[in-house]
Q: 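Below is one structure. I have some questions about it.
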Amino acid sequence: MSDGGSGTVRSLRFRGPGVVEPVTSVPAGLGAEDVRIAPSAVGVCGTDAHIVAGSFPAEVGVVLGHEVCGRVIERGSTVGDLPGAPEVGDLVTVEPHRYCTACRYCRAGQEHLCAGKRGYGVRLDGGMTDQMVVPARIAYRLPERTVPWVGAMCEPVSCAIHGMDRLRVVSGEALLIYGCGPAGAILVALARLLGANPVVVMEPNPARRDLAHSMGADLTFDAADPDADAEARAVTGGDGFAAVIDAVGSASVLERAVSMAARGGRVLEFGVAAPDDTAAVRPHELFSRELTLLGSVINPYTHQRAVSVLPRLGLERLTPAFFELSEFENALRGQREGVADKVFVAPRGVDVARGVTR
Ligand SMILES: [Zn+2]
Ligand SMILES: [Zn+2]
């Protein structure tokens, strides 16, 4: 059964710093283990902006887009052998990585640390296109009722789950999150589910503080207010927070995060900082307060959990904005200027991305 693989395919290809070109081509070939997906909603995130700016290494010529939700329109000949294989017509989310499978990390169950990993939308052709071909094993079925733009957020959700796993948040602990963009909003929702209390957010943008509240933050503070850290610390009786997350990705935020951790506290670097951004951390402080500094990168073995937890997160509370493939410049500008909580490319139109039509 197939209604795909024909006609012409429009794609957004990265041609080098500052250049994204809409191109038309014939459909890519479909291997026996592949599925062909018609993307319904593709998230635009900071990584895409960094790629286009030339500050995140990516393959010249690659089709952009790594936060993908779409419908399967064709299956390779052996896909049906996979347990739970997606059927033609199924809504799926893509776990957008390919690992070498042979390095010491891959063989130790740490595929996300593989030096040879390649990301779809970064080094392999991604989802900002009419048709995306991926191995069926990285296409995860979503419940039919899933709104496609919400389904596309499985990718950032899977990264947030890994971050929370690293941080080991347990119920009743005080948690502080710096930054409430889309990733911060997901972290707030996860923190609520895990039972952190209080969940406190530090964010300079008033609209994003409102978003933090709507996602379940107990308290928010204006990160630009010089008294904000002292006021937030007072909430914990002066002890500081058992767990602190930098969801901004900044040396100055990491320094504040370390200072806000309670004795025995853990600090998670979750945001993507500039490679040469350098924070000052006093070894004596790590020693005497017995602090733990953690990093978190991508989503090892958490994409299925993202699919499972998605209905509990209430991400429908985010305000989305949608752009056609041909409007990518506007989508990038919208992402940069914060026209909505989250920006999406909608290759099949806004109604499909919203789930109004299939
Ligand atoms: Zn992303
Ligand atoms: Zn590897």
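Excluded from the calculations below are hydrogen atoms, water molecules and symmetry mates; all remaining heavy atoms, backbone and side chain alike, are included. Whatever order the structure lists them in is the order used to number ligands and atoms, beginning at 1. These numbers come from a predicted model, not from an experiment.
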Q: Answer yes or no as to whether an N/O/S atom of Glu67 is found below 2.8 Å from the Zn ion (ligand 1).
A: yes
Q: Can you tell whether the side chains of Arg317 and Asp210 come within less than 4.0 Å, N to carboxylate O?
A: no
Q: Please name all residues satisfying salt bridge (charged side-chain N to carboxylate O under 4.0 Å, His left out) with Arg233, sequence neighbours left out, ordered by chain then number.
A: none
Q: So, does Arg256 use its side chain to make a donor-acceptor pair with the main chain of Tyr178 at under 3.5 Å?
A: no
Q: Which atoms of the protein, restricted to N, O or S, are nearer than 2.8 Å to the Zn ion (ligand 2)?
A: Cys100 SG, Cys103 SG, Cys106 SG, Cys114 SG
Q: Restricting to N/O/S atoms, is His66 within less than 2.8 Å of the Zn ion (ligand 1) or not?
A: yes
Q: Name all pairs fulfilling the side chain to side chain donor-acceptor pair (under 3.5 Å) condition that reach into residues 166-175, sequence neighbours left out, sorted by first residue then second.
A: Glu173-Arg266
Q: Looking at Arg13 and Glu21, does any basic side-chain N land under 4.0 Å from a carboxylate oxygen?
A: no
Q: Do the side chain of Asp351 and the main chain of Thr357 share a donor and acceptor less than 3.5 angstrom apart?
A: no
Q: With sequence neighbours left out, which residue pairs that include part of residues 63-73 fulfil the side chain to side chain donor-acceptor pair (under 3.5 Å) condition?
A: Glu67-Lys342, Arg71-Glu144
